[in-house]
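A short worksheet on the structure shown next.
This one's a predicted model, so the numbers in the text were calculated from it and none came from an experiment. Just the heavy atoms: all of them, side chains too, but no hydrogens, waters or symmetry mates, feed the values below.
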Amino acid sequence: MISEDLDLQQLTTDLKHSLGPGEPVGYLRGKALMRDLLVEIKGFSELEAEELVDTLELRGFLRFLGDPSERSVADAHWEISPHA
């Protein structure tokens, strides 16, 4: 279970700093990469990390710059902003 005291802004900053330049790319690949990083760097379970990525996306900290339903723009980048 994810703590309500978790600082999503700091978590987004940590995630952004852990990603390589130009990453992540692609809707599903990007979500999986960010989930895996949260597991690796923060010790969350895969389920917790997946829920966190969804929460960060819903709250505007993560924004996919393409349209995941259209193949031609499904390989777009993510915008990661700790200032949502």
Item to check | Steps toward side chain to side chain contact (heavy atoms under 4.5 Å, CB included) verdict (Leu11, Leu38) | outcome: CA-CA 9 Å; Leu11 186 66; Leu38 290 175; 3.6 Å; yes

Item to check | Approximate separation, where rounding is to 0.5 Å, of Arg35 CZ and Glu51 CD | outcome: 12.5 Å

Checklist entry - Would a 4.5 Å heavy-atom cut-off, applied to side chains only, mark Leu52 and Leu6 as touching? => result yes

Item to check | Arg59 and its side-chain contact (heavy atoms from CB on, under 4.5 Å) partner, picked from Thr55, Leu56, Leu62 | outcome: Thr55

Item to check | Basic-acidic side-chain contact under 4.0 Å: Glu50, Lys31 | outcome: no

Next on the checklist: Quick check: is Leu58 connected to Phe44 through a chain of hydrophobic side chains (ILVMFWY, heavy atoms under 4.5 Å apart)?
Outcome noted: no

Checklist entry - Where the side chain of Trp78 meets the backbone of Met34, is there a donor-acceptor pair that is under 3.5 Å apart? => result no

Item to check | Smallest separation among heavy atoms of Pro24 and Gly30, with atom names | outcome: CB-CA, 3.5 Å

Checklist entry - Does the side chain to side chain contact (heavy atoms under 4.5 Å, CB included) test come out yes or no for Asp14 and Leu37, once each step is laid out? => result CA-CA 10 Å; Asp14 295 345; Leu37 272 175; over 6 Å; no

Next on the checklist: Set out, in order, the CA-CA distance, both residues' side-chain angles and the distance that settles side chain to side chain contact (heavy atoms under 4.5 Å, CB included) for His17 and Leu19, then state yes or no.
Outcome noted: CA-CA 6 Å; His17 289 293; Leu19 291 164; over 6 Å; no

Next on the checklist: Treating Gln9 as the side-chain partner and Pro82 as the backbone partner, does any N or O pair qualify as donor plus acceptor under 3.5 Å?
Outcome noted: yes

Checklist entry - In Å, rounded to the nearest 0.5 Å, how long is the span from CG of Asp36 to CD1 of Ile41? => result 11.0 Å

Next on the checklist: Between His77 and Gly22 (side chain of the first, backbone of the second, donor and acceptor by atom type, cut-off under 3.5 Å), is there such a pair?
Outcome noted: yes

Item to check | Criterion salt bridge (Lys or Arg N to Asp or Glu O under 4.0 Å) on Glu48 and Lys42, from CA distance to verdict | outcome: CA-CA 11 Å; Glu48 288 171 326; Lys42 295 293 183 179; over 6 Å; no

Checklist entry - Measuring from Leu15:CG to Leu8:CG, what's the distance to the nearest 0.5 Å? => result 11.5 Å

Next on the checklist: For the CZ atom of Arg63 and the CD atom of Glu57, what is their distance to the nearest 0.5 Å?
Outcome noted: 10.5 Å

Checklist entry - Under 4.5 Å between side-chain heavy atoms, hopping through other hydrophobics if needed: is there a path connecting Val39 to Phe61? => result no

